[in-house]
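In what follows, a structure is listed as structure tokens, so that the remarks can point back to it.
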Protein chains: 4
Amino acid sequence: MSATVDKRRLILDAAVRVFARQGFHTCRVSDIADEAGVAYGLVYHYFPSKETILDTLFLERWNLMLATIEDARAADLAPREKLQRIASFIVESYRHDPDVMKVIVVEVTRAANTFGRTHVERIMQAYEGIARIVEQAQATGVFRRDVDALFAAQAFYGLVEQVLTQWIFSAGEVSAEEFERIKLAIVEMICVGLDG
Amino acid sequence: MSATVDKRRLILDAAVRVFARQGFHTCRVSDIADEAGVAYGLVYHYFPSKETILDTLFLERWNLMLATIEDARAADLAPREKLQRIASFIVESYRHDPDVMKVIVVEVTRAANTFGRTHVERIMQAYEGIARIVEQAQATGVFRRDVDALFAAQAFYGLVEQVLTQWIFSAGEVSAEEFERIKLAIVEMICVGLDG
Amino acid sequence: MSATVDKRRLILDAAVRVFARQGFHTCRVSDIADEAGVAYGLVYHYFPSKETILDTLFLERWNLMLATIEDARAADLAPREKLQRIASFIVESYRHDPDVMKVIVVEVTRAANTFGRTHVERIMQAYEGIARIVEQAQATGVFRRDVDALFAAQAFYGLVEQVLTQWIFSAGEVSAEEFERIKLAIVEMICVGLDG
Amino acid sequence: MSATVDKRRLILDAAVRVFARQGFHTCRVSDIADEAGVAYGLVYHYFPSKETILDTLFLERWNLMLATIEDARAADLAPREKLQRIASFIVESYRHDPDVMKVIVVEVTRAANTFGRTHVERIMQAYEGIARIVEQAQATGVFRRDVDALFAAQAFYGLVEQVLTQWIFSAGEVSAEEFERIKLAIVEMICVGLDG
DNA sequence: CATGAATGAGACTTCATTCAT
DNA sequence: TATGAATGAAGTCTCATTCAT
């Protein structure tokens with residue numbers, strides 16, 4: 001709450017760009033410091049290790065994700081609208097800051113080997129939240145009952161992540177229309193499927 | 001084709017286990033050699049670099065995947081059966097050697113920056129192959145025409161990969177029934193969706 | 001001489017404990033500040049460097065030692081009584097504040113290369129002071145004349161330091177009787193030797 | 001057992017010189033490598049850490065010391081001759097390779113804080129060995145019985161170490177006569193004392 | 001006096017790769 | 001083929017010290 005910059009934030013934001021550009025394992029801590037325009041040691045003043053930075057980055061955003069999922073679930077909306085909210089949140093997250101989502105998709109999943117089990121659990125929480133939405137929709141007869149809710153949730157999340165992955169790997173910019181179109185297409189696909 | 005062991009194969013198989021266990025970046029070449037039971041100089045006799053090993057591993061398997069997709073596409077089958085073949089192939093691949101699939105999913109498919117770059121094209125070929133199946137099904141009116149075929153292909157692949165990811169990070173064994181059930185569920189989900 | 005605590009003294013005392021516990025090279029300035037309960041910038045307000053703290057600590061105590069030796073030498077006492085005074089002083093120093101003596105013995109007296117260099121002369125002054133006592137005793141025929149006085153002084157000091165070293169590295173507490181007994185034993189040993 | 005140099009030995013010998021010259025904490029591993037004329041990494045090929053080098057150096061020599069003490073104890077000699085052997089061994093050790101002894105006296109004792117308790121124990125073994133010699137001499141009435149044997153051993157060892165310390169700190173060379181004279185003086189001092 | 005953010009040189013250690021045998 | 005000693009660049013992290021407030 002001061003006029004001076006929050007150096008911690010500066011470092012975090014720089015780290016996102018660097019991780020996105022070079023990858024977590026391939027970048028050096030000095031790259032982050034350079035990108036942030038701060039001295040090397042300051043990174044270690046705020047974070048005990050390079051991994052903690054990735055950690056922090058992931059948690060910041062994933063907690064928003066979990067909150068969004070919970071909000072959607074609790075909202076007074078049609079199941080499809082609930083899924084739409086989640087898909088929109090993720091797509092907008094990417095739209096607003098592609099680097100953060102790239103880092104989460106590319107580096108965190110990969111790091112789940114080394115990362116504490118904590119992250120796996122937290123990731124599962126997202127699936128479970130979505131699964132609960134599905135369950136509720138099944139209970140009210142809106143969704144088919146012969147599908148495992150957790151499986152459905154993973155199908156949904158997998159689909160969304162694959163879309164992000166596609167964007168991540170394609171060099172080009174994504175147009176505003178594309179963003180809107182895909183948001184709808186995701187939910188349409190998961191709800192209606194390919195059959196005519 | 002001799003009585004002695006094929007050391008190259010030995011190294012490759014050891015590498016799979018090590019990459020799966022420790023991750024590509026986190027393991028050392030000597031870990032691979034140790035796992036294979038050979039001197040680590042020998043690794044360099046067969047492979048010019050650590051990365052080439054991952055390279056080789058990926059291509060071996062991915063080419064099978066591409067062949068499977070092409071076979072399915074060209075086969076005289078209902079579109080749904082074609083997708084079923086592909087889903088089954090991937091699930092069986094995981095069932096037969098989870099480590100290979102783990103390495104491909106975790107280290108290659110998502111390695112956007114360093115390694116993945118090299119293989120983006122080849123990975124895209126899979127999506128395109130699947131997309132062609134969708135297109136053909138749309139042409140014959142079996143699948144809805146208002147879905148982008150490539151998007152549909154990615155939805156399908158994303159779903160499958162998410163299932164693998166789930167297995168990869170869940171500690172427990174997967175039962176034979178589970179494998180069979182999921183194979184069918186994947187295709188059911190992508191074709192029929194959640195709506196009742 | 002104010003109501004507030006003397007921060008300089010606080011830091012010095014904290015440094016003794018930290019040096020004794022972790023060693024001079026192994027501890028950080030912030031460890032000292034933490035132990036003293038002050039911000040570590042304050043350490044630099046009172047001392048220009050980490051080394052100066054050790055410096056100060058050593059000199060404070062060693063000057064007392066030199067004064068004691070000189071007092072003993074000048075006193076109207078039997079040579080043996082003079083040595084007894086010195087041995088008692090050192091033993092009591094340890095008894096009163098083992099950490100200070102530990103730091104002096106471990107970090108200064110034996111630090112031949114880096115730190116010690118600075119104080120070699122002052123350390124030698126102690127030996128010389130003791131040597132003068134021996135010389136005087138030899139002049140009056142109380143001590144044997146066929147022993148080099150400086151060698152005798154070092155024998156005496158080495159013996160005392162070895163006793164401290166023993167206490168330093170033995171975990172247990174030393175009893176009051178032990179302190180008294182050793183004080184006498186030291187002088188007895190140096191004066192009479194092992195022969196029956 | 002080959003014509004080529006033993007690099008491990010080379011590194012060990014270089015380390016002695018570097019530790020003696022710059023001190024353990026003050027020198028860099030690269031200094032050791034440079035002194036040995038080998039590549040940086042080779043040091044880590046043979047030793048897991050810088051500390052292990054010091055460790056190895058200490059143990060090599062200290063084990064000789066322990067062997068010497070045990071030999072002396074078991075030998076069919078007058079007690080005084082036994083002590084003479086030990087004093088001679090230490091003095092000759094210094095004479096032959098002052099750096100090793102400097103490192104042991106200066107760095108190991110100091111490191112006893114950080115070093116595993118193992119070294120403290122091993123150091124104690126030397127005192128205990130000497131103490132046993134004293135005990136035996138007391139049993140046969142050659143040495144006075146009113147002195148604690150372990151205390152006597154420490155007095156003896158402290159005296160010897162102090163002599164080394166003196167040499168270590170004094171810049172000048174020590175003459176052959178000096179070495180011989182001191183060897184005898186040490187034992188004379190410990191056996192006969194200062195009283196006439 | 002007091003704080004602790006900021007700096008950056010430098011330490012240890014790792015490890016992919018080469019190469020002599 | 002096979003070995004593992006040898007190389008050295010590069011990375012992470014530490015921490016004494018400075019300085020703005």
Side-chain angles (χ1 to χ4, degrees), chain A residues 2 4-8 10-11 25-33 36-53, chain B residues 2 4-8 11 25-34 36-53, chain C residues 2 4-8 11 25-34 36-53, chain D residues 2 4-8 10-11 25-34 36-52:
Chain A
S2 80
T4 57
V5 246
D6 179 351
K7 293 289 177 73
R8 198 187 117 98
L10 213 58
I11 290 167
H25 281 103
T26 315
C27 82
R28 299 170 297 180
V29 173
S30 73
D31 293 331
I32 299 173
V38 302
Y40 197 101
L42 199 62
V43 175
Y44 284 92
H45 184 77
Y46 286 108
F47 302 95
S49 74
K50 185 181 165 186
E51 192 165 310
T52 308
I53 301 177
Chain B
S2 76
T4 58
V5 241
D6 180 351
K7 293 287 177 72
R8 200 187 112 97
I11 291 167
H25 277 103
T26 316
C27 84
R28 301 173 293 187
V29 173
S30 71
D31 291 331
I32 300 173
D34 286 353
V38 302
Y40 66 91
L42 199 60
V43 174
Y44 284 89
H45 185 75
Y46 289 106
F47 303 94
S49 74
K50 183 182 167 186
E51 196 164 304
T52 308
I53 302 177
Chain C
S2 78
T4 58
V5 240
D6 180 351
K7 292 286 177 74
R8 199 186 115 97
I11 292 167
H25 278 103
T26 315
C27 83
R28 301 174 293 186
V29 172
S30 71
D31 291 332
I32 300 173
D34 286 354
V38 302
Y40 66 90
L42 198 61
V43 174
Y44 284 90
H45 184 77
Y46 289 106
F47 302 95
S49 74
K50 184 182 167 186
E51 196 164 305
T52 308
I53 302 176
Chain D
S2 80
T4 58
V5 244
D6 179 352
K7 293 289 177 72
R8 199 187 116 97
L10 213 58
I11 291 167
H25 281 104
T26 315
C27 83
R28 298 170 298 180
V29 173
S30 73
D31 292 331
I32 299 173
D34 288 351
V38 303
Y40 199 100
L42 198 62
V43 175
Y44 284 92
H45 184 77
Y46 287 108
F47 303 95
S49 73
K50 185 181 165 185
E51 192 165 311
T52 308

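Throughout, a chain's letter reflects where its sequence line sits, starting with A, and its residues are numbered from 1.
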For this session: Please give the nucleotide sitting opposite dT21(F) as a Watson-Crick or G-U wobble pair, both distances under 3.5 Å, or none.
Result: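 The base-pairing partner of dT21(F), which may sit in any strand shown, is dA2(E).
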
Could you check how far [atom1] of [X] sits from [atom2] of [N], rounded to whole Å?
X	N	atom1	atom2	result
Ile53(C)	dA16(F)	CD1	P	10 Å
Ile11(D)	dA5(F)	CD1	C1'	11 Å
Leu42(D)	dT14(E)	CG	P	15 Å
His25(C)	dG10(E)	NE2	C1'	14 Å
Asp34(B)	dT3(F)	CG	P	12 Å
His45(D)	dG8(F)	NE2	P	15 Å
Lys50(D)	dG10(E)	NZ	C1'	12 Å
Arg8(D)	dA6(F)	CZ	P	12 Å

Exercise. Hey, does the side chain of Lys7(C) come within less than 4.0 Å of dA2(E)'s phosphate (OP1/OP2), counting only N and O?
Worked result: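 Looking at the OP1 and OP2 atoms of dA2(E), one of them is under 4.0 Å from a side-chain N or O of Lys7(C).
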
For this session: Output yes when at least one side-chain N/O atom of Tyr44(A) is less than 4.0 Å from OP1 or OP2 of dC13(F), else no.
Result: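 Looking at the OP1 and OP2 atoms of dC13(F), one of them is under 4.0 Å from a side-chain N or O of Tyr44(A).
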
Base, sugar-phosphate, or nothing for [X], non-hydrogen atoms under 4.0 angstrom?
X	value
Tyr46(B)	sugar-phosphate
Tyr40(B)	base
Ser30(D)	nothing

Problem set entry | Flag side-chain contact, heavy atom, 4.5 Å: Tyr40(B) against Asp34(B) |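 They are not in contact (no side-chain heavy atoms under 4.5 Å apart), so the answer is no.
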
Problem set entry | 4.5 Å side-chain heavy-atom contact, Thr26(C) and His25(D) |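 SC-SC contact between Thr26(C) and His25(D) confirmed.
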
Problem set entry | Side chain of Val29(C) - closest among dA11(E), dT17(F), dC13(F) |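 Closest nucleotide among those given: dT17(F).
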
Exercise. Could you state the interatomic distance from NE2 (His45(D)) to NZ (Lys7(D)), rounded to the nearest 0.5 Å?
Worked result: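 Spacing of NE2 (His45(D)) from NZ (Lys7(D)) equals 10.0 Å.
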
Exercise. Toward the 5' end of DNA chain F, which comes first, Ala39(B) or Cys27(A), by nearest nucleotide?
Worked result: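 Comparing both residues, the 5'-ward one is Ala39(B).
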
Exercise. Mapping Gly41(C) and Gly41(B) onto DNA chain E by nearest heavy atom, which one lands closer to the 5' end?
Worked result: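 On the 5' side of the pair lies Gly41(C).
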
